[in-house]
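Report on the following structure.
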Amino acid sequence: MIQKAILLCLAMVVSLGTLKAQKCNLVLRGRVLHLENNQPIEAAYVWIPESSLGVATDANGNFALRNLCPGQQTIQITFIGHKEIKQSIVLSTGNSNLTFKMEEEAVALKGVEVHGHREAVQTTTAVSTLYGEALLQSRGESLGESLKRVAGVTTFSTGNTISKPVIHGLHSNRILILNNGIRLEGQQWGAEHAPEIDPFLADELTVVKGAETVRYGPEAMGGVILVNPPALPTSDKSKTEINLVGQSNGRAGNVAVSHSGGSGTVEGLGYRIQGAARRAGNVRTPDYFQGNTGMAEGSASAAIGYSSSKLGTEIYYSFFTTELGILRDSHTGNLSDLLEIIENGAPFTQANFTYTLNNPKQVVTHHLTKIKAHYHLNPSWKLNFQYGFQQNNRQEFDRRRGELNTRPSLDLELFTNTAELFLEHNLKSHWTGSMGLHLIQQANSNLPGTGVTPLIPNYDLINASVYLMEKYLKGPLELEAGLRYDYRTLSAARYISNDLQESNLTYQNGSAFLGGMYQLNSNLTFTSNLGTAWRPPNVNELFSQGLHHGAAAVEIGNADLATEKSFKWVNSLEYEGKRATLELTGYTNQIQDYIFLNPTRQTFVSLRGTFNVYEYLQADAFFYGVDLSGTYEFTDQFNGYAKGSIIRAKNTESNSFFPFIPSDRMDWGLSYEFGTDPERQNRLTLSQVLVAQQSREPDFDLAPAPPGYTLVNLSFAKKIQLFQHDFSVSAQVNNLLNTEFKEYMNRFRYFTADMGRNFQLKFNYQF
Amino acid sequence: MKNLKKVSLYLLAVLAFGFSSCESEDPEKENDGEVITDVTLKFQELNASNALVGSVLSFKASDPQGIEVGKTPTIQSISLSKGKKYQMTIEVTNAIENEDITKEILEEAAEHQFFFLGQVFDSSILSIQYADAGGIALGLKTIVTVSSSTGTNNSNMRVVLRHDLNKSFAGASNPNFANFIQAGGETDLDITFPVILN
């Protein structure tokens, strides 16, 4: 009996104890996001009056409230410029995970920007953004060069003036570049055709490393680059930024100015204008000048927008023009010319410094106009419309005899219209998404009078698509899926000698993706994205027929090529701690019917000599790789970074390697901050770039892969207050030791060493 | 809402304009202005007092389509007599455009030069000197001397036309300069003619 009583008592005590423990030991985790764009809200205050417990959200919008008691409680969330959330919740056992979305308030404090209609990338794929100080450091460089700062991004270049970004081993028509949300449509098929965009127009450069065909349309196989200008002001606040860049190598100079402001009388009306210019002369390797490698470039953009709580409109125009010299000796007459210069390893032409550009050269202009509008049908539904018009003119001049020397040998005019209508929903429940229609129309014409049979035909292209994407958000979990269907017609026509050749082709394809993001804890995020992508064969791959000067090669297209399809899986782990950050991305990309230019090992004999013959073939390919980047703060003043990437690519049908796949590379650096005042920075950075030799070479290459190399860079950045505004100065030395090297991914490695030491001085003033 | 309607009307107007203005041009025939289809070497004998005697012997290399895959050029054999001296002139034409390129080469003599290589020179069967007007090194006109004891009756001569070279490059004044590529520029012609010696 007594025993029973003791047992009962004990049981009661235990149960009471557990009851008590259960009573106020609950954890409420959650996330606070902007209803507008799902961006996390930092420093929103979460308060439970019943328990007198409160906490602020972290940079990812996450919060955790501990020691809560079960039962009905009220949760109150406040954040400036947003409607307060007051919600009653019932807490029971276990941890709860909730997502709260805060709506912007139309009535706000004066001076606080309330209509932040900025479109961020909403994706579960690995994304890296270059902005702020890192972008400032890259000023004066081309888009490709700037993006090399992102792990996993390299360049495929033709000398020092032409560089194309490469994401996970893919470039040109296998990646997309968006200029303020519009697919940049130029003659991107050419290896020596640089993207027609100036990074000076952007305040952030974003690289999406996944297959984003569903979101952005065909060709976004390797990834997407978003070149985004700053958001338009919505209040009477002006900002002016001046950039000056000088470089010793090439004696180059850049000027860039931008100004934005808002109307004092019409609330929500804002504008921005921006312009930049660059001039550079012959570039020098450690030992010699590269003849005819100068350039002159100009760009401008303007935007005006109006934004109210319901309606947002924007008109945007950007212009880009460039005239760039091509290394004289890279234009060889025939195969024996080419082989002899490759053997020499350096140009035969002795050059001096000059700003003068001669043939061979390229003259490119690009106009882009965009009209965009969105309308909030209600707090959850938003209708968007976007239209873009682009005109691209490309002229390429070769060394020719007589009057022909003043005429371009390639003269292309490309018009592109893009229109997109999409409906976004952002429900207070856990669902967000969009569905839309996307139309691309393109017309390419060879302007007559070149005196050369055109390399690619005139063509008209129409691409129509529908897509649907949906995202589920709950606490630390985001799940996303999307579907898209594209239909494309292509009609091409040209004369070869006296024969009119015409062809009409149609392509259609469905694509899909599935992705997820999970916030393991407040420091660690895991994302995974599986996506299919497709790319219809490009016009040059279908129809090329002719001599490619730089390569002493005759290239033959194949009109029967099938669509390239890929399946990319990207996984990324991101850690953000107090002192350390780490980003690890691993991916595989299975490409079916990968199109590549294959040497036939045949030569073609003409009165001009012998040429190699290349043909476009298709084979299955498999790409995989890893990108790693991290930073560590040893002390408040002393920190370091490291990043690297490894790519493997194989033709799985013939078990051979593809040409121009980036070799393994990494760079790392240490920087020291003198003083701790954030307003007055003094930072010295020493870094080293290590590039391995590409040992996985294709069976045929004109020259073996150059040896690996190491470069040392040094920079000093200083920020001071000048008339109460930020004034930054930075002095950089690239290739400090003046190392002679050749980069495997530079097509001119056949002809010349790369750029030698380069001193740079950069000024930035914002007021 | 009224504004919205207006805006969408404007948008439609712009769209209609944009899409309609955007169609590719009809392709036009492009005549390859720069292609060399015919190269004729003309030989005329020079007597002891360097006067032209006898009839002109013409040997032609032609590629009527210009650069086109799958077609090889036809090259005639040059037939010369041992121990004789000839004046050689070169005529270059574009039969597609019916254009005399010789004139253009002469006009741009500062940027062009012919080089003469191959077995005939390696084995000292022929010797050659530039004989262009004004004493320039161009090669449209040359003096060719055939050795009296050639050893063989079959040989070959390679004719190269370089464009955009540094003519004052060391050695470039020699018509047999084998390292012509080192003088920079690019090759416009590279033809190997069979040579028959009688």
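Chain naming here is simple, since letters A, B, ... match the order of the sequence lines and numbering starts at 1 in each.
- Residues B:Glu107 and A:Arg401 are not in side-chain contact: their nearest non-hydrogen atoms beyond the backbone lie 4.5 Å or more apart.
- When each of A:Gln350, A:Arg400, A:Gln602 is checked for heavy-atom pairs under 4.5 Å with chain B, A:Arg400 comes out on top.
- Atom CG of A:Leu607 and atom CG of B:Leu161 lie 11.5 Å apart (nearest 0.5 Å).
- Rounding to the nearest 0.5 angstrom, the gap separating the CG atom in B:Asp188 from the CZ atom in A:Arg608 is 5.5 Å.
- Across all non-hydrogen atoms, the minimal contact from B:Ser24 to A:Ala443 is N-CB, 3.3 Å.
- Per-residue heavy-atom pair counts under 4.5 Å with chain A were compared for B:Arg162, B:Glu25, B:Glu104, B:Lys29, and the maximum is reached by B:Lys29.
- Legend: residues meeting side-chain hydrogen bond (donor to acceptor under 3.5 Å, both in side chains) with A:Arg394, ordered by chain and number and at least two apart, are A:Gln362, A:Glu396.
- Put simply, the residue from A:Asn446, A:Ile496, A:Asn458 that forms a side-chain contact (heavy atoms from CB on, under 4.5 Å) with B:Pro27 is A:Asn458.
- Counting all heavy atoms, side chain and backbone alike, B:Asp190 lies closest to A:Ser336 at OD2-OG, 3.9 Å.
- Ranked by heavy-atom pairs under 4.5 Å with chain B, the list A:Asn444, A:Leu500, A:Thr610, A:Thr450 is led by A:Thr450.
- Nearest approach of B:Gln182 to A:Phe348, heavy atoms of both residues: CG-CE2, 3.2 Å.
- Screening residues 129-146 of chain B for side chain to side chain donor-acceptor pair (under 3.5 Å) gives B:Gln113-B:Tyr130 as the qualifying pairs, with residues at least two apart or on separate chains.
- Ranking A:Gly291, A:Ser491, A:Gly449 against chain B, the residue ahead of the rest is A:Gly449, based on heavy-atom pairs under 4.5 Å.
- Contact annotation: the side chain of A:Arg328 approaches that of B:Asp164 to within less than 4.5 Å [non-hydrogen atoms, C-beta and beyond].
- Ranked by heavy-atom pairs under 4.5 Å with chain A, the first of B:Thr192, B:Leu189, B:Val160 is B:Leu189.
- Contacts of B:Lys167 classified as salt bridge (Lys or Arg N to Asp or Glu O under 4.0 Å), with partners at least two apart in sequence or in another chain: none.
- Among residues 115-124 of chain B, no residue has any heavy atom closer than 4.5 Å to a heavy atom of chain A.
- Looking at A:Leu414, neither its backbone nor its side chain comes within 4.5 Å of chain B, counting heavy atoms on both sides.
- Nearest approach of A:Thr332 to B:Glu186, heavy atoms of both residues: C-CB, 4.1 Å.
- In this structure, CG on A:Asp337 lies 3.0 Å from OG1 on B:Thr187, to the nearest 0.5 angstrom.
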